[in-house]
Each structure stands twice: as C-alpha cells, then as structure tokens.
Amino acid sequence: MAGKPKLHYFNGRGRMESIRWLLASAGVEFEEKFIETPEDLDKLKNDGNLMFQQVPMVEIDGMKMVQTRAILNYIATKYNLYGKDIKERALIDMYTEGMADLNEMILVLPLCPPDQKEAKIAQIKEKVTDRYLPVFEKVLKSHGQDYLVGNRLSRADIHLVELLYYVEELDPSLMANFPLLKALKTRISNLPPVKKFLQPGSQRKPPISEEDLEKARKIFRIK
C-alpha cells in the first residue's frame, strides 16, 4: 500500500496551499516536511529531488513531483475531480487558469513594497468585482446546477472556494453581489472532507504574518 503523499514546502500558504486544499477535499491524508532553513532547501536541490531547483515538491505514488499545476493535474485526475470527458476538462482548465491569475495577484501581495500596497489592493479589488467573480457567477446562473462543471464536484469548485476565502480576507464586501458564489462557498465548505480541513488545527495555513514572511524570504533568499 502506498504511503501518504508528502509535501515539501515552508510552513505557509504560498504555492502549496492549493495542493493542500485539493488533497484535503479529496479526503486524502498527507504529511508535510517543512523547509525551515536555506540549508534544508539546498539539501533537496543537491540530492536531486527538485527537477527545476524549486518547490513545491510532492512525493506521491513513487514520484517526486514538481511544478504546481502538474501536481494539481495529477491529483485531480487520480481522485476523479477533473471532469468526465475532454470537453469538461477544457472548461475546468479555462476556469482554473482564470482563478490562478487572480490567486497569483493575491499570493504576491505580501511582497509588495509598502508604498505601493494600497494601489495594488485597489487594483485587485476592481478585478475581483469587475472581471473574475462575474464570470463564475454567470456560469452558475447559466446552468442552474450546484457545481461549475458537469453537475458534480471538480477541482474547479475547490480552487474557486479556496479563492473566495482569500477574497473575503481581503474585503468581505467584495462578495456582496454574488449570491450564487456565496451559496457555492457554503455548499462546498459543508462537504465533510472540506469541513474538516476548515476546522482549527488542520493543515490549512493562515494568512502569512510579517515574521513568517521574513522567514520565507531567508529560506528562498528573496531580497
């Protein structure tokens, strides 16, 4: 029997959090090996475990997988969260790529210079309400179903709900005009594996603190 997937990353959200969300939503238990020093990262590199010299890295099914989207694709396929045919998969890919664009803006926000942060937040808020959330609200309205694609749970729903939590952290009022998205968030959040992941003490990570940001900068040698 294969062991639990093992996730190699620092103890924070970053590019691993979507992987944590997807595994947890599929009901898969996983282990985490936190990178705590630059030397920990160097060891992974020097041992030949990082194909492109960077993390996230996930040990799963005898592989040492890198590149976030490749990892997510594998997990979604393995646990039947990637649609029933090529057309559904195309829809899921389009939706999740759009989500990834917005997620990236939010992800790098803590790295924004203080004098630029207010303008960056305003820009993100505008794109949330004018570009991204209307798309997904319209999708749900167009077919009247409980899930984005194929009337069953897919990675698109999980990634979107993860993103909606980040949007709410940024400003809860941004969700005010999107009732179907609020309903989707509630519905997915009440699925037993997701509900468990959302509980205090789970492997879900909180927003990054200044202290943890500084630690991550040192680990990854970001100036």
Side-chain angles (χ1 to χ4, degrees), residues 12-28 68-69 71-73 75-76 79 81-83 88 91-110 112 117 120-208:
R13 286 179 179 172
R15 300 188 187 283
M16 187 65 89
E17 192 69 357
S18 292
I19 296 167
R20 296 183 185 109
W21 264 87
L22 195 57
L23 284 169
S25 300
V28 179
T68 306
R69 291 178 191 181
I71 296 166
L72 291 169
N73 290 347
I75 293 166
Y79 296 105
L81 294 166
Y82 216 163
E88 285 193 358
L91 285 173
I92 290 168
D93 283 342
M94 284 196 294
Y95 298 160
T96 56
E97 287 296 313
M99 294 168 204
D101 289 345
L102 178 55
N103 193 35
E104 182 72 15
M105 291 181 228
I106 296 172
L107 178 67
V108 301
L109 189 58
C112 185
K117 201 162 214 174
K120 184 60 71 175
I121 289 171
Q123 182 187 43
I124 292 171
K125 286 182 177 182
E126 183 182 359
K127 289 188 175 178
V128 164
T129 55
D130 295 354
R131 178 181 296 183
Y132 291 102
L133 295 196
V135 168
F136 302 117
E137 183 80 6
K138 185 178 178 181
V139 169
L140 290 170
K141 189 174 183 179
S142 70
H143 56 48
Q145 297 171 346
D146 285 347
Y147 302 102
L148 284 169
V149 179
N151 204 23
R152 66 174 185 174
L153 183 68
S154 76
R155 61 177 295 195
D157 303 295
I158 296 160
H159 295 325
L160 180 55
V161 168
E162 178 194 357
L163 187 58
L164 294 178
Y165 274 97
Y166 301 154
V167 166
E168 282 194 332
E169 287 174 0
L170 196 64
D171 182 348
S173 71
L174 296 173
M175 294 276 291
N177 295 322
F178 303 100
L180 298 180
L181 291 182
K182 287 196 281 189
L184 177 76
K185 177 173 170 283
T186 300
R187 191 158 50 247
I188 302 300
S189 297
N190 281 319
L191 296 173
V194 181
K195 193 170 186 177
K196 182 180 177 184
F197 186 61
L198 291 170
Q199 296 303 309
S202 79
Q203 289 163 296
R204 180 179 174 230
K205 303 298 181 263
I208 194 163

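- For Lys117, the NZ atom counts as densely surrounded, since its 6.0 Å shell holds more than 12 non-hydrogen atoms of other residues, nucleotides or ligands.
- One finds the CG atom of Asp171 at 12.0 Å from the CD1 atom of Ile124 (value rounded to the nearest 0.5 Å).
- Listed for the Glu17 side chain is a donor-acceptor partner under 3.5 Å among the backbone atoms of Lys205.
- With no hydrogens or angles considered, no side-chain donor-acceptor pair links Ser25 and Tyr79 at under 3.5 Å.
- By the ring pair (Phe, Tyr, Trp, His ring centres under 6.0 Å) test, Tyr166 is found to be paired with no residue, residues two or more places apart in sequence or in another chain being considered.
- Annotation: the span from Leu140 atom CG to Leu184 atom CG amounts to 5.5 Å, rounded to 0.5 Å.
- Note that Arg20 lies outside the cation-pi zone of Phe197, set by a 6.0 Å cut-off to the ring centre and a 45° limit from the axis.
- Here the side chains of Asn177 and Thr129 are not in contact, with every heavy-atom distance at 4.5 Å or above.
- The two residues Val161 and Ser189 have their closest heavy-atom pair at CG1-OG, 4.1 Å.
- A donor-acceptor pair under 3.5 Å is absent between the side-chain atoms of Asn103 and the main chain of Met99, judged by distance alone.
- Tested against Ile158 for a side chain to side chain contact (heavy atoms under 4.5 Å, CB included), the candidates Leu81, Val194, Leu191, Thr96 yield a single pass: Leu81.
- We find the OH-CD1 distance between Tyr82 and Ile75 to be 12.0 Å, quoted to the nearest 0.5 Å.
- Residue pairs meeting the side chain to side chain donor-acceptor pair (under 3.5 Å) criterion with at least one member in residues 134-149: none, sequence neighbours excluded.
- Using a 4.0 Å cut-off between charged nitrogen and carboxylate oxygen, Glu104 and Arg69 do not count as a salt-bridge pair.
- The side-chain tip of Lys185 points at the ring of Tyr165 from less than 6.0 angstrom away and within 45° of straight on.
- Taking all atoms of both residues into account, the shortest heavy-atom contact from Glu162 to Ser18 is OE1-OG, 2.9 Å.
- Judged by distance alone, the side chain of Asp157 and the main-chain N or O of Ser154 form a donor-acceptor pair under 3.5 Å.
- Nearest heavy-atom pair, Leu72 versus Leu22, reported as atom, atom and distance to 0.1 Å: O-CD2, 3.6 Å.
- Leu133 CG to Leu174 CG: the interatomic distance, rounded to the nearest 0.5 Å, is 7.5 Å.
- Arg187 CZ: more than 12 foreign heavy atoms inside a 6.0 Å radius.
- The two residues Glu169 and Pro207 have their closest heavy-atom pair at OE1-CG, 3.7 Å.
- Using a 4.5 Å heavy-atom cutoff, the side chains of Val139 and Leu180 are not in contact.
- Side-chain contact between Arg13 and Ile208 is absent, with no heavy-atom pair separated by less than 4.5 Å.
- Smallest separation of non-hydrogen atoms from Ala24 and Pro193: O-CB, 3.3 Å.
- Counting heavy atoms from C-beta on, the side chains of Tyr132 and Asp101 come closer than 4.5 Å.
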